[in-house]
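These numbers come from the heavy atoms of this one structure, side chains and all, not from hydrogens, waters or symmetry mates.
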Amino acid sequence: FVNSFSGDDMQVSRYRLILCFQLLLLVIDLFVNSFSGLFASQDVVLLVLYIVQDASLVFELIILFLLFFNTYVFRAGLVTILIRKFKTAIVCSCMYLALCLVLHVWTLNLQWGQDSAFIWEDGVQAVYVLQRVASFVYYYMYMRTAWKLGDPMYYRNSEWLQREFARRR
C-alpha cells in the first residue's frame, strides 16, 4: 500500500514515521505487560511503568483518530463509513485501555506499601488474565488498522467512495 501513494496523498515518509511511532508505542505496552511483575515490590517504579503504559495507550488512540481525520473519507463527511469499517479496532482499543486501567488501579491499591510483592485476589487474577489475553487481540487489531489506513483508497476520491456516497444520499 505504502508505495502506491501519489504526490497529493499522504506522504510516504510521514506515514512510515507514524507507523514506526505506533509500533514503538505497542512495544512499550508489550514491555510493561511482560516485565511489570519484576517490579511488583517497588511501588513507585510500578506506578511509573503503569503511567507510561496508560499514556502510550492514550497516544495510540489519539494517533488512530488523527489518521482517521486525515483521510479523504473523513473530509468528505462520510465519518460513518470509517466508524463502520474500523469499529472493532476502536472498541478493542477502548476496552483494552479500560482493562489496563482497572488492573493497574486494583493492583496498586492492593500492593502499595505491602511487604509481599505478589498479592493475588481472585478478581485481580481474572482481570489480569483477561487483560493479557485482550492484549494479543488489541495488538493484532491495532496493527491491522494502522496497516489498512495506509491504503490509498482512504486518501483520494475513488469509485468505492463514490458508491458509498451515492448510497448515503
Side-chain angles (χ1 to χ4, degrees), residues 1-40 44-108 127-158 160-161 164:
F1 294 133
V2 175
N3 293 332
S4 59
F5 282 97
S6 67
D8 295 334
D9 296 323
M10 188 180 188
Q11 297 174 349
V12 175
S13 61
R14 187 169 131 207
Y15 177 73
R16 285 186 181 149
L17 180 65
I18 292 170
L19 195 60
C20 287
F21 187 63
Q22 287 174 305
L23 188 58
L24 173 68
L25 291 172
L26 286 176
V27 167
I28 290 170
D29 184 73
L30 181 63
F31 174 81
V32 173
N33 278 345
S34 300
F35 299 110
S36 62
L38 298 175
F39 303 103
V44 176
V45 174
L46 195 58
L47 175 64
V48 169
L49 283 175
Y50 286 166
I51 289 172
V52 167
Q53 182 179 24
D54 295 338
S56 71
L57 291 172
V58 170
F59 283 134
E60 288 170 4
L61 266 173
I62 290 170
I63 291 170
L64 190 64
F65 281 107
L66 288 175
L67 287 173
F68 288 155
F69 299 155
N70 195 38
T71 63
Y72 185 84
V73 177
F74 182 86
R75 289 183 300 219
L78 300 172
V79 179
T80 55
I81 293 173
L82 286 174
I83 292 172
R84 187 171 31 103
K85 285 196 166 291
F86 297 105
K87 71 180 168 191
T88 306
I90 295 168
V91 168
C92 281
S93 296
C94 292
M95 288 184 66
Y96 180 65
L97 175 61
L99 277 171
C100 287
L101 289 171
V102 167
L103 180 66
H104 297 164
V105 169
W106 201 345
T107 56
L108 285 173
V127 173
Y128 178 85
V129 169
L130 188 60
Q131 188 264 353
R132 292 307 196 258
V133 170
S135 69
F136 291 109
V137 175
Y138 169 73
Y139 298 150
Y140 171 76
M141 291 303 298
Y142 191 84
M143 284 311 296
R144 182 175 152 247
T145 301
W147 179 254
K148 282 177 79 172
L149 282 171
D151 191 338
M153 79 176 195
Y154 294 109
Y155 298 95
R156 64 175 170 222
N157 197 359
S158 63
W160 164 80
L161 190 57
E164 292 290 333

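Nearest approach of L99 to V127, heavy atoms of both residues: O-CG1, 4.2 Å. For the residue pair Y50 and S36, the shortest heavy atom distance occurs at CE2-CB, 4.1 Å. Contact record, L57 with C100: CD1-SG, 3.7 Å, taken as the closest heavy-atom pair.
A donor-acceptor pair under 3.5 Å is formed between the side chain of Y155 and the backbone N or O of L149.
Within the model, atoms CG of L82 and OG1 of T71 stand 4.5 Å from one another, a figure rounded to the nearest 0.5 Å. Atom CG of L61 and atom OG of S56 lie 10.5 Å apart (nearest 0.5 Å). To the nearest 0.5 Å, the span separating CZ on F21 from CD1 on I63 amounts to 4.5 Å. Separating the CD1 atom in I28 from the CG atom in L23 is a distance of 10.5 Å, to the nearest 0.5 Å. Between the OG1 atom of T145 and the CD1 atom of I90 there is a distance of 8.0 Å, given to the nearest 0.5 Å.
The side-chain hydrogen bond (donor to acceptor under 3.5 Å, both in side chains) search around R75 returns none, not counting sequence neighbours.
Within a 6.0 Å radius of CE in M95, no more than 12 heavy atoms belonging to other residues, nucleotides or ligands are found. Taking a 6.0 Å sphere around CZ of F59, one finds it holds 12 or fewer heavy atoms contributed by other residues, nucleotides or ligands.
Using the six-membered ring where Trp is involved, F136 and Y139 have ring planes that are perpendicular, over 60° apart on the 30 and 60° scheme. In this structure, F31 and F35 have tilted ring planes: the angle between them lies in the 30° to 60° band.
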Please walk me through it: do F69 and F74 pass ring-ring contact (aromatic ring centres under 6.0 Å, His included)?
CA-CA 6 Å; F69 299 155; F74 182 86; 4.8 Å; yes
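Side-chain atoms of M141 and V137, non-hydrogen and from C-beta on, do get closer than 4.5 Å to each other. Side-chain contact check for F65 versus N70: every heavy-atom pair is 4.5 Å or farther apart. Here the side chains of F86 and L67 are not in contact, with every heavy-atom distance at 4.5 Å or above. Inter-residue side-chain proximity for Q22 and L19 is flagged as met; some heavy-atom pair is nearer than 4.5 Å.
The stretch residues 88-105 participates, sequence neighbours left out, in these side-chain hydrogen bond (donor to acceptor under 3.5 Å, both in side chains) pairs: D29-Y96, N33-Y96, Q53-H104, D54-H104, Y96-Q131.
In this structure, the ring of Y72 has its center no less than 6.0 angstrom from the ring center of Y154.
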